[in-house]
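A short worksheet on the structure shown next.
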Amino acid sequence: MRILMIAPPGAGKGTQGALIAAHFNIPHIATGDLLRDHVARGTPLGQAVQGYLDRGELVPDQIVLDMVREAIIAAKAAGGGYVLDGIPRNMEQARAAYEIARELGMTADVALHLEADDAELTRRLLARAALEHRSDDTPEVIAQRLALYYQVTAPILAWYRDRGILVSVDAMRSAAEVGREILVALEAMRPFLDDAHGQERLPLDLTSLGEAFGATGSAAGTPE
Ligand code: ADP
C-alpha cells in the first residue's frame, strides 16, 4: 500500500499517518518530523531550514525531495509500501515526487485528503501549542501555514482526482472515528491494488497538474 497524505495543518496527518503505517506495517515518512529532527540535532541542514519552519514557510523543494528520495529507496528495500505525510506541498514537488517514485517503481496508489474547516484546524493547533511548544503553532504562523496550504497545496488535489486515486475523508470528527473510516476505505481498495501492482503502469501525462494551477501551454507539461 502506497499512500500520499494531503491535508491542511492540524487536520491530523501525523496521527492518521502513524495509524496507517502501523496497520499496514509500512514506513511513515513525515517530512515535517524529518526536518524538525534535523533542527533539534543542530545539523547543517537543520540550521539551514529552521527559519523557514519558524515562519511557516516551505523549505526549498530540493531539500525535501532529497530526503524523500532517500526515504522511498529505504521503503522499497523494506517491502515496497509507504505513507508519505507532508509532501507534495506544491506543484513542483508533486511533479518531482512523481518522477522519483516512477523511477523507483514506487508510485502512489492513493492520495488521501483530510478535510476540516479553518476554525477547527486553528483550534487544534492552538491546543497542541499548549502541550508541545512547536515554534510554528502561534496564531500568526498558523494563519500563514493555512494560507499557504490553500494557495499552493490544495490545487494539487485536482490532479489526483483526475488520476482517480483521490480519497477524501471528513476529518472534523474524533481521531478514532476518522482513523476507522480511513482504514475501512483503504482495506476496501487493497484487493484492487494487489492486481494493479502486477501490471505495467502507463506513464502519466502531467499536463493537467499544470492546468490545476492555471498554467497553460507546453511549459506546464512534462519535459518528456
Ligand atoms: P503542518 O502540516 O502542521 O504544517 P508539518 O510537520 O507537515 O506540519 O510541516 C511543518 C513545516 O515543515 C512546514 O511549515 C514547512 O516549513 C516544513 N515542510 C514540511 N514538509 C515540507 C515540504 N514538502 N516542502 C517544504 N517544506 C516542508
Side-chain angles (χ1 to χ4, degrees), residues 3-21 27-41 43 45-72 75 82-101 108 111-157 159-160 169 171 175 178 209 213:
I3 301 151
L4 303 174
M5 301 185 80
I6 313 244
K13 285 193 306 290
T15 306
Q16 304 303 342
L19 175 80
I20 296 166
H28 178 201
I29 304 165
T31 52
D33 289 348
L34 294 171
L35 292 166
R36 279 187 293 277
D37 181 56
H38 274 280
V39 172
R41 287 186 289 126
T43 67
L45 192 150
Q47 289 169 20
V49 300
Q50 179 160 22
Y52 295 95
L53 268 75
D54 290 349
R55 292 187 299 271
E57 294 168 5
L58 297 186
V59 311
D61 290 344
Q62 202 54 51
I63 292 179
V64 277
L65 289 167
D66 287 347
M67 280 181 160
V68 162
R69 174 186 291 276
E70 212 179 292
I72 293 183
Y82 60 71
V83 50
L84 262 189
D85 153 1
I87 186 169
R89 263 179 149 93
N90 61 30
M91 177 175 68
E92 282 315 312
Q93 291 183 10
R95 234 184 258 228
Y98 173 67
E99 292 299 339
I100 290 169
L112 181 64
H113 173 214
L114 306 182
E115 290 179 283
D117 67 36
D118 283 9
E120 174 65 9
L121 296 169
T122 305
R123 192 191 64 71
R124 290 183 191 177
L125 292 168
L126 291 174
R128 180 173 76 186
L131 298 170
E132 289 183 19
H133 307 294
R134 243 175 75 164
S135 62
D136 56 353
D137 283 344
T138 62
E140 298 73 29
V141 179
I142 289 170
Q144 152 70 19
R145 284 154 62 208
L146 282 171
L148 200 56
Y149 173 79
Y150 293 114
Q151 206 182 327
V152 305
T153 308
I156 316 173
L157 292 168
W159 186 58
Y160 295 110
V169 168
V178 175
L209 184 55
F213 285 79

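Atoms considered below: every heavy atom in the structure, side chains included; atoms not considered: hydrogens, waters and symmetry mates. Just so you know, ligand 1 is whichever comes first in the structure, and atom 1 is the first atom listed for that ligand. Numbers for residues simply follow the sequence, beginning at 1.
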Taking all heavy atoms of Tyr160 and all of Ala94, pick out the closest pair and write down the distance. OH-CB, 4.0 Å

Side chain proximity check, Ile6 to Pro88, heavy atoms < 4.5 angstrom: yes

Tell me, yes or no, whether the heavy-atom count around Glu115 atom CD, taken from other residues, nucleotides or ligands under 6.0 Å, exceeds 12. yes

Can you list the ligand 1 atoms lying under 4.0 Å from a non-hydrogen atom of Leu58? 25 (C), 26 (N)

Considering only heavy atoms, which of Arg145, Met5, Glu92, Glu57 lies nearest to atom 16 (O) of ligand 1? Glu57

Under 4.5 Å between any side-chain heavy atoms of Gln16 and Leu114, yes or no? yes

Heavy atom of the protein closest to atom 24 (N) of ligand 1 (residue, atom name, distance): Gln93 NE2, 2.8 Å

Region of Val59 engaging ligand 1 - heavy atom pairs below 4.0 Å: both

For Gly86, counting its heavy atoms only, list the atoms of ligand 1 lying under 4.0 Å from any of them. 20 (N), 21 (C), 22 (C), 23 (N)

Of the side chain and backbone of Val64, name the one, both, or neither that has a heavy atom under 4.0 Å from an atom of ligand 1. side chain

Spell out, as yes or no, whether a donor-acceptor pair under 3.5 Å connects the side chain of Arg145 to the backbone of Pro9. no

For ligand 1, which atoms sit closer than 4.0 Å to a heavy atom of Thr31? 19 (C), 20 (N), 21 (C)

Report the nearest protein non-hydrogen atom to atom 11 (C) of ligand 1: residue, atom name, distance rounded to 0.1 Å. Leu53 CG, 4.0 Å

Among protein heavy atoms, which sits nearest to atom 18 (N) of ligand 1, and what does the distance come to when rounded to 0.1 Å? Leu35 CD1, 3.5 Å

Please list the nearest protein heavy atom to atom 13 (C) of ligand 1 with its residue and the distance rounded to 0.1 Å. Arg89 NH2, 3.9 Å

Leu34 side chain near Val68 side chain, heavy-atom distance below 4.5 Å: no

For atom 8 (O) of ligand 1, the option (of Lys13, Arg134, Arg55) bearing the nearest heavy atom: Arg134

Sub-4.0 Å atoms of ligand 1 with respect to non-hydrogen atoms of Ile87: 23 (N)

For Leu148 and Leu58, work out which heavy atoms get closest and say how close. CD2-CG, 3.7 Å

Of all the heavy-atom pairs spanning Ile100 and Arg69, show the shortest one and how long it is. CG1-NH2, 3.6 Å

